[in-house]
Amino acid sequence: MDKLLIKGGATLNGGIRISGAKNAALPILAATLLTEQPVHLSNLPHLHDITTMVELLGVMGVEAVINEDMSVEINAGTIKDQKAPYSLVKTMRASILVLGPLVAHYGRASVSLPGGCAIGSRPVDLHIMGLEAMGAEVQIVDGYIEARVDGRLKGAEIEFGVVTVTGTENILMAAALAEGQTIIRNAAKEPEVVDLANCLKAMGAKIEGEGTDTIVVEGVESLHGCEYSVMPDRIETGTYLVAGAVTGGKVTLKNTDASIMKSVLDKLSESGAKITTGDNWIELDMEGKRPKAVSITTAPYPDFPTDMQAQFTVLNSIADGTGVVEETVFENRFMHIQELVRMGAIAQVNGNEAVITGQEKLKAAPVMATDLRASASLVLAALVAEGETLVDRIYHIDRGYECIEEKLQNLGATIKRVAA
Ligand code: EPU
């Protein structure tokens, strides 16, 4: 199993290109199930999760041609089976995103229940509730969600009790082909939901209100193929900005979008970073300074993203002062903290709150990644630790960060992948 070996101490300096957003690419790949015509997708990140989604479409009989530039042409017209097997779903929870499109287009779906998760219980009850409200019959049989509808789904008013990103996306995709109007209330406002809506519109869907908490969809009888380029990854962007901040460096990130990063950029400015932005780039200059501690509370967009919580926990662990990190989205997303403590961080966890008192330096230690963003935070910690840190279980990182070692090397970090 590969590991990352990182020698801390380098000040990051330079420019890199940000990849397409994993969490936009996944629902958009699922949306190709809504049409029999080819959909051509570009700016897909080269990541394990993307390969898994393409593989999942493949086991259903959907043809995908992957080009060298990672653009993909998907033709769901060749589908043979509407089943998402446990063997794939257990490796990627986002597989649940095929549920809505399959029921809407083919009137049936059999999707394995995702099961446990390292960051919280993560049920899919709201996805099921939404589809039932649209007329689907849903049963859980032998660990599978079996959904059926005679004819088309019917438009409905659906109110989510909690904001759910993939839940909103599943219902949005289903509603695109339903009969009549669907209103989704307390919808997720995440930019990835907007990107999916834009792709669906390019396929002929009628959608209004994406990016607000009320999305209105007028169902159409059929959707057509399109060409679509996936938005930049705001979490990858944020992770490299924190890498610049914790090392006192200066980094320029290209092919990204500052307009969807406000909560993160505000906190980086508060920590003392000088942020400059342009049309499709962001520059962070720490001017050699140590960051100041910042307090954050995670919440759905536009508030501070839970997917940036672990990275800011690292920032606080080497910052000047004490920062409080409150996690309100997932109940068990502090697994990285015990690993950071092994590297000398001073942190006290109390329920969903962590109080972190910054230290001048962290110390290298062998550490283990537990989930995607936790593993990114361990890499950040290693960049500022004295000595060489070995990060184990980096398959988590490969799910969400394209070429992380090459990108960090380009910025001047001493990092290499080792097979062990
Ligand atoms: N929830 C329910 N019932 C449901 C669905 C969600 O109670 O039916 C709860 C969850 O347990 C959680 C909260 O609602 O407490 C929010 O979960 P959400 O459904 O929004 O999460 P998700 O859609 O499963 C996506 C991202 C995550 C990201 C979250 C929050 C994708 C593929 N995944 O997950 O990304 O953390 O939204 O922003 O879009 C990551 O990339 O590392 C990652 C975990």
Side-chain angles (χ1 to χ4, degrees), residues 19-31 45 47-50 52-53 56 89 91-100 111 113-133 138 140 145 158-173 184 186-196 213 230-231 233-239 260 263-264 297-311 327-333 335-336 352 369-377 395-402:
S19 302
K22 166 181 83 79
N23 289 349
L26 290 172
I28 287 172
L29 282 166
L47 297 172
H48 272 187
D49 274 11
I50 300 301
T52 305
M53 185 58 97
L56 176 58
V89 178
T91 67
M92 187 183 70
R93 300 183 58 82
S95 308
I96 190 73
L97 284 164
V98 300
L99 180 64
V111 178
L113 271 172
C117 172
I119 62 177
S121 62
R122 301 182 78 180
V124 290
D125 55 313
L126 299 173
H127 302 232
I128 294 173
M129 173 280 286
L131 290 172
E132 283 178 336
V138 184
I140 308 296
I145 305 166
I158 295 160
E159 174 149 3
F160 288 123
V162 286
V163 176
T164 162
V165 176
T166 50
T168 301
E169 291 164 347
N170 241 333
I171 300 309
L172 178 59
M173 290 187 279
I184 310 173
N186 201 22
K189 297 182 282 223
E190 268 65 5
E192 293 76 14
V193 175
V194 176
D195 209 40
L196 169 65
D213 62 5
V230 173
M231 65 178 273
D233 197 312
R234 65 193 167 103
I235 306 300
E236 190 198 21
T237 304
T239 303
I260 52 173
S263 62
V264 170
T297 301
T298 68
Y301 191 84
D303 289 334
F304 192 90
T306 171
D307 288 344
M308 284 302 300
Q309 180 258 105
Q311 299 88 320
E327 172 60 60
T328 75
V329 180
F330 293 112
E331 70 264 30
N332 188 28
R333 217 177 188 180
M335 304 272 277
H336 47 285
N352 70 339
T370 48
D371 76 71
L372 170 55
R373 307 305 170 187
S375 43
S377 78
Y395 51 84
H396 290 295
I397 300 188
D398 294 332
R399 297 183 51 187
Y401 291 89
E402 183 175 50

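First listed ligand is number 1; within each ligand, the first listed atom is number 1.
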Fill in: Proximity flag I96 to ligand 1, non-hydrogen atoms under 4.0 Å
no
Fill in: N/O separation below 3.5 Å, L126 to ligand 1
yes
Worksheet, complete the sentence: L47 and D398 have their tightest heavy-atom pair at CD2-O, 3.7 Å
Worksheet item: Are the charged groups of K22 and E402 less than 4.0 angstrom apart, N to O?
Response: no
Discussion item. Could you tell me if the side chain of D303 sits less than 4.5 Å from the side chain of S263, heavy atoms only?
Written reply: no
Worksheet, complete the sentence: Nearest non-hydrogen contact to atom 44 (C) of ligand 1 from the set E331, R333, R93 belongs to R333
Worksheet entry | Within-4.5 Å side-chain heavy-atom neighbours: V163 and K189 | no
Worksheet item: Looking at N332, N352, T298, which hits side-chain hydrogen bond (donor to acceptor under 3.5 Å, both in side chains) with E327?
Response: T298
Worksheet item: What are the two closest heavy atoms between S19 and P45, and how far apart are they?
Response: CB-CB, 4.2 Å
Fill in: Atoms of ligand 1, numbered as shown, that sit under 4.0 Å from any heavy atom of A94
32 (C)
Worksheet item: Are D307 and R333 ion-paired here, with the side-chain N under 4.0 Å from a carboxylate O?
Response: yes
Item to complete: Identify the protein heavy atom lying closest to atom 20 (O) of ligand 1, giving its residue, its atom name and the separation to 0.1 Å.
Response: V165 N, 2.8 Å
Discussion item. With the threshold set at under 4.0 angstrom, would you say M53 reaches ligand 1 through any of its heavy atoms?
Written reply: no
Item to complete: Evaluate the side-chain proximity of I184 to F160: yes if any heavy-atom separation is below 4.5 Å, no if none is.
Response: yes
Item to complete: For atom 19 (O) of ligand 1, find the nearest protein heavy atom and state the residue, atom name and distance (0.1 Å precision).
Response: T164 OG1, 2.7 Å
Worksheet item: Does ligand 1 have any atom sitting under 4.0 Å from a heavy atom of R399?
Response: no
Discussion item. What I want to know is whether T306 and ligand 1 share at least one N or O pair that is separated by under 3.5 angstrom.
Written reply: no
Worksheet item: In the protein, what heavy atom is nearest to atom 14 (O) of ligand 1, and what distance, to one decimal place, separates them?
Response: V162 CG2, 3.7 Å
Practice prompt. Run the numbers on R373 and Y401 for side chain to side chain donor-acceptor pair (under 3.5 Å), then give the verdict.
Written response: CA-CA 10 Å; R373 307 305 170 187; Y401 291 89; 3.0 Å; yes
Worksheet item: H127 heavy atoms, cut-off 4.0 Å: which ligand 1 atoms fall inside?
Response: 8 (O)
Worksheet, complete the sentence: atom 21 (O) of ligand 1 sits nearest the protein heavy atom F330 CZ, 3.8 Å
Discussion item. Using a 4.0 Å cut-off to any heavy atom of K22, which atoms of ligand 1 qualify?
Written reply: 40 (C), 41 (O)
Discussion item. Among all the protein's non-hydrogen atoms, which is closest to atom 13 (C) of ligand 1, and how far away is it?
Written reply: V329 O, 4.0 Å
Worksheet item: Does any N or O atom in D125 lie less than 3.5 angstrom from one in ligand 1, N or O only?
Response: yes
Practice prompt. Examine distances only and state if a side-chain atom of R122 and a backbone atom of R93 form a donor-acceptor pair shorter than 3.5 Å.
Written response: no
Worksheet item: Judging by distance only, is a nitrogen or oxygen of P123 under 3.5 angstrom from one on ligand 1?
Response: yes
Fill in: R122 contact mode with ligand 1 (heavy-atom cut-off under 4.0 Å)
both
Item to complete: Report the member of V163, T166, N23 with the shortest heavy-atom distance to atom 23 (O) of ligand 1.
Response: T166
Worksheet entry | For S377, the option from Q309, M308, H336 that meets side-chain contact (heavy atoms from CB on, under 4.5 Å) | H336
Worksheet, complete the sentence: Between A30 and L97 the two heavy atoms that sit nearest each other are CB-O, 3.5 Å
Worksheet, complete the sentence: the protein heavy atom lying closest to atom 42 (O) of ligand 1 turns out to be R373 NE, 3.0 Å
Practice prompt. Examine G167 against ligand 1 and note whether any of their N/O atoms are separated by less than 3.5 Å.
Written response: no
Worksheet item: Is there a nitrogen or oxygen of L372 sitting under 3.5 Å from a nitrogen or oxygen of ligand 1?
Response: no
Item to complete: Give the minimum heavy-atom separation between V230 and A24, together with the two atoms involved.
Response: CG1-CB, 4.0 Å
Discussion item. Show me which atoms of ligand 1 lie under 4.0 Å from any heavy atom of D307.
Written reply: 27 (C), 28 (C), 35 (O), 36 (O), 40 (C), 41 (O), 42 (O), 43 (C), 44 (C)
